[in-house]
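Atoms within each ligand, like the ligands themselves, are counted from 1 in listed order.
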Amino acid sequence: MSGTLALRLKAASKALTKKLFVRTYGCQMNAYDSARMADVLAPLGYGPADGPEDADMVILNTCHIREKAAEKVFSELGRLRPLKAERPGGMIIAVAGCVAQAEGEEILRRAPFVDIVLGPQTYHRLPEMVAKASRAGGAVLDTEFPLEPKFDFLPEVRAEGSAAFLSVQEGCDKFCSFCVVPYTRGAEYSRPPAAVLAEARRLAGQGVCELTLLGQNVNGYHGEAGDGSTWSLGRLIRELAEVEGLERIRYTTSHPRDMDDELIAAHAEVPQLMPFLHLPVQSGSDRILDVMNRRHDRVFYLRLVERLKAARPDLALSSDFIVGFPGETDADFADSLALVREVGFVQTYSFKYSSRPGTPAAAIAQQVPEKIKEERLAELQGVLLEQTTRFNHACVGRVMPVLLDRPGRHPGQMIGRSPYMQPVHVAAASHLAGRVVDLRITRVHPNSLAAELVDAKACA
Ligand code: SAH
Ligand code: SF4
Ligand code: F3S
C-alpha cells in the first residue's frame with residue numbers, strides 16, 4: 001500500500017480495529033478508485049496494513065487492458081491463498097476493478113477462496129458486500145452497472161498532499177477495436193459540474209494546489225448543470241481556475257476527436273492549465289487508424305496539434321502508441337515513427353498489441369509475430385528516448401514553476417514536478433513543501449532534472 005493511502009486510512013477513523021491492504025494495478029483512475037474504496041471502508045473500522053500478511057482484508061484493484069496486466073491477478077491470488085489459510089481470524093479477499101468486471105465468474109471458478117468480486121461501478125456498496133461475506137455462505141459477486149452513480153454515495157474526499165486526482169468522467173463510448181475499456185467501465189458518464197466544483201473546493205481547502213481531472217475519455221466530458229445547460233471540459237476548467245488556491249490544472253486521458261474549440265481556447269486563456277497534454281494517437285498510419293476505429297486520420301491529428309500549439313506555444317505533447325496491431329506492415333510502422341518525429345512528442349507510452357477476448361481486433365486474422373512486435377517497440381522507444389533527452393536538455397537554463405511535493409534523498413533537498421511532469425530536485429528548505437516555486441534548471445540527470453532557486457530570499 002502506498003504511504004499516502006496508509007496515511008489516509010489512519011486519519012479516516014478513530015477506531016481502526018481491522019487492517020486493510022489495497023494493491024492497485026492499471027491507470028490513474030484505478031489509483032483514485034483505490035483511495036475511495038479505502039474511504040468507504042474506514043467507517044467500518046479498517047485501518048492501514050503494512051502488507052497483505054498483516055491484513056484482515058485485501059483488495060486487488062485490477063487492470064484488464066493487456067493480457068499481462070490481467071494475468072498478474074491470478075498470480076497474486078496464488079500468493080494470497082496461503083496467507084489467508086494461515087491467518088487465525090481469517091482474511092477477506094476482494095477482487096475489484098476491470099478484471100473483476102470482465103472475468104468475475106472466471107475468478108470465482110479459478111480462485112474459490114476469493115470472497116468478493118466487484119466491478120468499478122459498485123464499490124460504494126462495499127460495506128454491504130463485506131457484511132455479506134463475513135456472514136459466510138459463499139462469495140459475493142457484484143459487477144452490475146447500477147443506475148445510481150456511485151459518486152452520489154461516496155464519503156467526502158480527503159486530500160493527502162499538494163496534488164490530487166479528481167474523477168470527472170468515466171466510461172467510454174468510442175469502442176476502439178483493440179480496447180476493453182468500454183466493456184469494463186461501461187458507458188460514458190459525466191459528473192455534474194456542481195459536484196466536481198464542490199470536490200475541487202474541498203481539496204483546495206485542504207492544501208491541494210494541483211488538480212488532475214480524470215476520465216477514460218475526459219475531454220468527452222459533458223456535465224449537466226442544474227440550470228439545464230451542458231458544460232464541456234473547457235467550461236469546467238475555466239470555472240475550476242476560479243477556485244481559490246488551485247494553481248495548476250491538468251486532465252487525462254483525451255481523445256483527439258473530442259478536442260473542441262472551447263478546450264483549445266482554454267489552453268490559450270487559462271494560465272493554470274499546464275502546457276503538457278497527453279493526447280494518445282496510437283498509430284501514425286491512416287490504414288491502421290481506420291481499422292483501430294479511432295475515427296480520425298493522421299492529418300486530422302497534425303492539424304489539431306498545430307491549433308493547440310498556436311493556442312499555447314510552450315505546449316509539449318505525449319502520446320500512447322500500440323505497435324504490432326493486426327495487419328501492421330513495416331510501412332505502417334514507419335508512418336508511426338515519422339509521426340513521432342513530426343509532432344515531436346516529448347514522452348510516449350508504447351505497448352505491444354495484446355489481443356483481448358471479445359474485442360473486434362482479436363478476430364483479425366493477420367496477427368503480427370511477437371518478435372516483430374518486440375523489434376518495433378524497441379525502435380519506437382529508442383526514437384522517443386532521443387526526443388525526451390533532447391527536450392530535457394533544452395530545458396537547461398529555463399526558469400520553471402515547480403511544485404515541490406516531497407523531500408529528496410539527501411538532507412536539505414526537495415523534489416518537485418515541472419509543468420511537464422519532469423521530476424526536479426533542488427537544494428531547498430522543507431518548509432517549501434507543497435508550494436510552487438520558480439526554479440532555474442541547471443542539469444539533466446538520467447531520470448530527473450537538477451535546479452536552483454531563482455530567488456532564495458523570496459522563499460525564505
Ligand atoms: N482512453 C485512452 C486510452 C486508455 S487505455 C485513449 O483513447 O487513448 C491506455 C492505453 O493502453 C491506450 O492508449 C493504448 O495505447 C493501450 N492499449 C489499450 N488496449 C490495448 C491492447 N489491446 N494492446 C496493447 N495496448 C493497449
Ligand atoms: Fe479505449 Fe480510449 Fe478507445 Fe475508449 S477511446 S475505446 S478508452 S482506447
Ligand atoms: Fe486498466 Fe481498467 Fe484503467 S482496464 S487501464 S484499470 S480503465
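Remark: Arg66 qualifies as a cation-pi partner of Phe351 under the 6.0 Å distance and 45° angle criteria applied to the six-membered ring.
A donor-acceptor pair under 3.5 Å is formed between the side chain of Thr62 and the backbone N or O of Ala96. Between the side chain of Glu128 and the backbone N or O of Val130, no donor-acceptor pair lies under 3.5 Å. Not one N or O on the side chain of Ser448 forms a donor-acceptor pair closer than 3.5 Å with the backbone of Pro423. Side-chain atoms of Glu247 do not come within 3.5 Å of backbone N or O of Cys209 as any donor-acceptor pair.
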request  = Walk me through it: do Asp50 and Lys19 pass the test salt bridge (Lys or Arg N to Asp or Glu O under 4.0 Å)?
outcome  = CA-CA 9 Å; Asp50 294 328; Lys19 295 198 166 189; 5.5 Å; no

inquiry  = Applying salt bridge (Lys or Arg N to Asp or Glu O under 4.0 Å) to Lys371 and Glu375, what does each step give before you reach the verdict?
reply    = CA-CA 6 Å; Lys371 188 166 168 290; Glu375 285 166 10; 2.9 Å; yes

Working for side chain to side chain contact (heavy atoms under 4.5 Å, CB included), residues Gln121 and Tyr189 = CA-CA 11 Å; Gln121 306 308 346; Tyr189 168 77; over 6 Å; no

ask   = Given His64 and Glu103, is the side-chain hydrogen bond (donor to acceptor under 3.5 Å, both in side chains) satisfied, shown in steps?
value = CA-CA 9 Å; His64 199 238; Glu103 298 183 14; 3.0 Å; yes

key: Verdict with supporting geometry, Ile288 and Asp335, side chain to side chain contact (heavy atoms under 4.5 Å, CB included)   = CA-CA 10 Å; Ile288 296 293; Asp335 286 345; over 6 Å; no

task = Tell me, with the steps shown, if His267 and Tyr251 meet ring-ring contact (aromatic ring centres under 6.0 Å, His included).
result = CA-CA 11 Å; His267 277 278; Tyr251 60 93; 5.7 Å; yes

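Of the N or O atoms in Phe178, one or more lie within a sub-3.5 Å distance of an N or O in ligand 1. Any N or O atom pair closer than 3.5 Å counts here, and His255 shares no such pair with ligand 1. Taking any N or O of Ser354, backbone or side chain, at least one lies under 3.5 Å from an N or O belonging to ligand 1.
Within the 4.0 Å heavy-atom criterion, the part of Arg294 lying near ligand 1 is the side chain and not the backbone. If you look at Phe351 next to ligand 1, the close heavy atoms, those under 4.0 Å, all belong to the side chain. With a heavy-atom cut-off of 4.0 Å, Lys352 touches ligand 1 through its backbone alone.
Near Thr253, the atoms of ligand 1 lying under 4.0 angstrom from a non-hydrogen atom of the residue are 2 (C). Close contacts of ligand 3 with Gln216, meaning ligand atoms under 4.0 Å from a residue heavy atom, involve 7 (S). Within ligand 1, counting atoms from 1 as listed, the ones closer than 4.0 Å to a heavy atom of Arg66 are 11 (O), 16 (C), 17 (N), 23 (N), 24 (C), 25 (N), 26 (C). Below 4.0 Å from some heavy atom of Pro280 lie the following atoms of ligand 1, by number and element: 8 (O). Under a 4.0 Å criterion applied to the non-hydrogen atoms of Tyr353, ligand 1 contributes the atoms 23 (N), 24 (C). Near Arg356, meaning under 4.0 Å from one of its heavy atoms, ligand 1 places the atoms 22 (N).
The shortest contact between atom 6 (S) of ligand 3 and any protein heavy atom is with Asn30 ND2, 3.3 Å. The closest protein non-hydrogen atom to atom 1 (Fe) of ligand 3 is Cys63 SG, 2.4 Å. Of the protein's non-hydrogen atoms, the one nearest atom 4 (S) of ligand 3 is His64 N, 3.3 Å. Atom 2 (Fe) of ligand 3 has Cys98 SG, 2.3 Å as its closest protein atom, hydrogens excluded (heavy atom only). Taking atom 1 (N) of ligand 1 as the reference point, the nearest protein heavy-atom neighbour is Gln216 O, 2.8 Å. Annotation: atom 10 (C) of ligand 1 to nearest protein heavy atom, Asp320 OD2, 3.4 Å. Closest to atom 15 (O) of ligand 1 among all protein heavy atoms lies Gln282 OE1, 2.7 Å.
Under a 4.0 Å heavy-atom criterion, Ile322 is in contact with ligand 1. Not a single heavy atom of Met29 sits closer than 4.0 Å to an atom of ligand 3. For Ile65, the heavy-atom gap to ligand 1 drops under 4.0 angstrom.
The environment of Glu105 atom CD is sparse: at most 12 non-hydrogen atoms of other residues, nucleotides or ligands sit within 6.0 angstrom. Shown here is Tyr349, whose OH atom has no more than 12 heavy atoms of other residues, nucleotides or ligands within 6.0 Å.
Counting only protein N, O or S atoms, 1 lie closer than 2.8 Å to atom 3 (Fe) of ligand 2.
Between Arg376 and Glu328 there is a salt bridge, with a side-chain nitrogen of the basic residue lying less than 4.0 Å from a carboxylate oxygen of the acidic one. Note on Arg109 versus Glu106: salt bridge recorded, some NZ/NE/NH1/NH2 to OD/OE distance being below 4.0 Å. A salt bridge between Asp33 and Arg36 is absent, with no side-chain N of the basic residue lying under 4.0 Å from a carboxylate O of the acidic one. By the 4.0 Å N-to-carboxylate-O rule, Glu262 lies too far from Arg238 to be salt-bridged with it.
In this structure, atom 4 (C) of ligand 1 has no protein heavy-atom contact shorter than 4.0 Å.
In this structure, of Gly26, Cys27, Gly97, Pro182, the residue bringing a heavy atom nearest to atom 3 (Fe) of ligand 3 is Cys27.
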